[in-house]
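To keep things clear, I will list the structure first and then write my remarks on it.
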Amino acid sequence: MRLTTLSAAPSSPVTTRNRPSQSPQFPPSSVGARSKSVASTSHFLQPERFASLIDKSKSIKQLLQIHAALVRHGLDQHPVLTFKLQRSYSSIGRLDYSVALFNLTDNPDVYLWTAIIHSHAQYGLSEKSLIYYTQMLTQGVQPNAFTFSSVLKGCSLEDGRALHSHAIKLGFGSDMYVTTGLVDAYARGGVIISAKQMFDTMPEKSLISLTTMLTCYAKHGKLQEARLLFDEMQDKDVICWNVMIDGYAQHGLPNQSLSLFRQLLAAKIKPTEFTVLSVLSSCAQLGAVDSGRWVHSYIENNGIQINVQVGTSLVDMYCKCGSLEDARKVFDQINDKDVVAWNSMIMGYAIHGFSEEAFQLFNTMSNIGLQPTDITFIAILAACGHSGLVSEGWRFFNLMIDRYNIEPKVEHFGCMVNLLGRAGRLKEAYDLVRSMKIEPDPVLWGTLLWACRLHNNVILGEEIVQFLVSHNLASSGTYILLSNIYASAGNWDGVARVRSLMKDSGVEKEPGRSFIEVNNKVHEFVAGSLRHPKRKEIYLMLEEINSLLRANGYTSQTQMVLHDLEYDWIGF
DNA sequence: TTAGGGTTAG
C-alpha cells in the first residue's frame with residue numbers, strides 16, 4: 001500500500017517562473033494529441049526516442065506533450081522514461097508535476113524514489129525528502145548510495161546521525177559521495193570533530209570532499225585549519241578560492257580576504273559572482289572605496305552580471321565607504337530589487353544621517369507592495385536616532401508591531417534606547433529596557449550607559465552597572481563607560497575606584513582599531529601600538545594638524561580622552 | 001536503458 005496519496009491537478013509550482021497562465025491539466029491526456037507536436041509524429045516511437053525527446057525538452061509545454069504521448073503509447077509506467085520525465089519536470093522548477101507524476105507511478109523503483117528525494121532536497125525541502133525516504137523504506141525498496149547522498153543534503157544533524165548508521169548498516173558507509181554528504185551534514189550541525197573524522201576516513205579525497213571540509217572550517221571561523229588545507233590542495237578550482245576568500249571576509253579578516261583575491265587574479269583564475277560578493281564585503285568592512293571601485297569596474301568589464309545580489313553588495317560597499325551617490329546610482333540600476341536591496345540603501349541613508357531619504361525610500365518600497373522586514377525597521381529606527389526624531393521613532397516602532405506583525409528584537413530596542421537616550425529621556429529608555437520580554441544584550445546596556453554619560457546621570461549609571469555586575473553581565477566596556485560617567489561628572493574618586501575594580505577583577509580593555517586606505521593599501525592602527533613603519537611621519541603630521549587646529553582657535557575635547565584607560569592616538 | 005557530493009549579499 002502506497003503512503004502517498006494520488007493528488008489532483010498540481011497547483012503549486014516551486015518558482016513563479018514559467019508558470020502557465022491557466023491551470024495545468026494533469027495527467028495530460030490530450031495535450032498536443034491533434035496538433036503537429038514533437039511527440040505525435042509517429043505512433044510507434046521507441047522508448048529511446050522518447051528518452052531523447054525528454055532530454056531535449058526545455059519547457060513545460062513540451063514535457064506535457066511528451067507525457068501525453070507516453071500515456072497514449074502505454075509507456076507511462078516505463079521506469080526509465082518516468083524517471084527522466086520526473087527529473088525534467090523538477091529541473092524546470094515544476095516540482096508539483098514531478099510529485100504528481102511520482103504519485104501516478106504504480107511501483108516506483110529505487111531510481112524514481114531517489115529522484116523524488118533528490119528533487120525535494122534540491123529545493124531545500126529536506127524534511128519532505130526525509131519523509132519520502134522513510135516511505136521508501138516502508139514500501140520495502142532498498143536505498144542505495146545515490147539515495148543516501150540525496151537525502152543527506154540539507155538534513156538536520158539528528159537525521160544525519162541516523163542516516164549515517166543506516167548507511168553503514170547497508171554497506172554504503174565508505175562511498176565517496178555518501179561520506180562527503182556526511183562531512184557536510186556534521187559540518188552544518190557544527191560538529192566539526194565528527195566532520196573531520198568522516199573526512200579522515202576517506203581513503204581517497206576528491207576535489208568536492210576537500211571543498212566540503214574546507215567550507216566546514218571556513219564557515220566555523222577555523223581559518224588557520226582552512227588555510228592549511230587550502231594551501232595543501234592541488235588543482236584548486238575557483239570555488240575553493242571563493243570559500244577561502246569568503247571565510248576571511250565573514251570572520252573579520254577583510255585584509256586577508258583582499259590579499260587572497262589578489263593572489264587569485266595573479267594565478268589567472270577568473271573570479272565569479274560569488275568571489276566579488278565576498279570581496280565587496282571585505283572592501284565595505286575596510287571602507288576601502290578605491291578597491292571597491294576597482295572591483296566594480298572589474299565586474300563591468302569582465303562580464304560578471306550585476307544581478308540583485310551583486311548590485312546589493314555594491315550598494316552596501318558604497319554606503320559603508322560613505323559614497324551614497326555611487327550607492328544610489330547602482331541601486332537605481334538594479335532590476336527586480338528585493339527587500340534586501342531596499343534595506344541596504346535605506347540603511348546607507350540611515351547611518352549617514354539622511355533620515356528624510358531613508359523615510360522616502362521606505363514609503364516608495366511600501367507603495368510598491370514590498371513588505372518591510374525586521375532589518376528595514378532597524379534601518380528606519382537608526383535613521384530616527386540620527387535625527388533625534390523621538391515621536392517618529394515610536395510611531396515606526398509601533399507600526400512594525402501592529403501593522404507588520406514583526407516582533408521587536410534586541411536590535412530594535414537598541415535603536416529605541418539610543419534614540420531616547422540621545423534625547424535625554426533616560427528614564428523612558430531604562431523603563432523600556434526593564435519592560436522587555438527578551439533578554440537585553442551587552443550592546444543594549446552599553447547604549448544606555450553611554451546615554452547616562454552623555455547626560456551626566458551618575459545615579460542611573462551606577463544603578464545599571466551594579467545591576468550588570470551582580471548579574472555577571474559586565475564587560476570591559478561597562479567599566480570604561482562607568483569610568484567615563486564619573487570623569488564627565490568630575491568624580492575622580494569614582495574613576496579611581498573603577499580602575500582598581502578593573503585591576504582586581506582582571507578585566508582588560510579590548511584595544512581600539514581603525515583603518516584607512518591610502519593608495520590602494522589598507523593601513524590598520526591599533527590603540528597603543530606603535531608598529532606602523534611610518535609612525536614618525538604620522539606623528540609629525542598629527543602634530544602639524546593639531547597646531548593648525550589650535551592656531552584656528554580649536555580646543556580639543558580632552559575631557560573623555562584624558563580619562564579613558566587607554567589613549568587611542570589614531571582614533572579621533 | 002536512468003542517478004548522487006562543494007561557494008552567494010544586510
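Per chain, numbering begins at 1; letters A, B, ... match sequence-line order.
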What nucleic acid atoms does [X] come within less than 4.0 Å of, heavy atoms only: base, sugar-phosphate, or nothing?
| X | answer |
| --- | --- |
| A:Asp184 | nothing |
| A:Gln122 | sugar-phosphate |
| A:Asn343 | base |
| A:Ala115 | nothing |
| A:Val80 | base |
| A:Thr275 | nothing |
| A:Lys205 | nothing |
| A:Met176 | base |
| A:Leu207 | base |
| A:Asp338 | base |
| A:Lys320 | sugar-phosphate |
| A:Thr373 | base |

So, do [X] and [Y] have ring centers that fall under 6.0 Å from each other?
| X | Y | value |
| --- | --- | --- |
| A:Phe102 | A:Trp113 | yes |
| A:Tyr132 | A:His120 | yes |
| A:Tyr177 | A:Phe146 | no |

### Summary
Min and max contacting nt of DNA chain B in 5' to 3' order, chain A heavy atoms within under 4.0 angstrom, are B:dT1 to B:dG10

### Task
Check A:Ser257, A:Ser291, A:Ser259 against A:Ser282 for a side-chain hydrogen bond (donor to acceptor under 3.5 Å, both in side chains) and give me the one that passes.
A:Ser257

### Query
Which word best sums up how the rings of A:Tyr111 and A:Phe83 line up, parallel for under 30°, tilted for 30 to 60°, or perpendicular for over 60°?
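Rings of A:Tyr111 and A:Phe83: perpendicular, as their planes differ by over 60°.
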
### Task
Fit a plane to each ring of A:Phe377 and A:Tyr404, take the angle between them on a 0 to 90° scale, and name the class: parallel (under 30°), tilted (30 to 60°) or perpendicular (over 60°).
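Rings of A:Phe377 and A:Tyr404: tilted, 30 to 60°.
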
### Query
What residue pairs, at least two apart or across chains, pass ring-ring contact (aromatic ring centres under 6.0 Å, His included) with a residue in residues 332-357 of chain A?
A:Phe331-A:Trp342

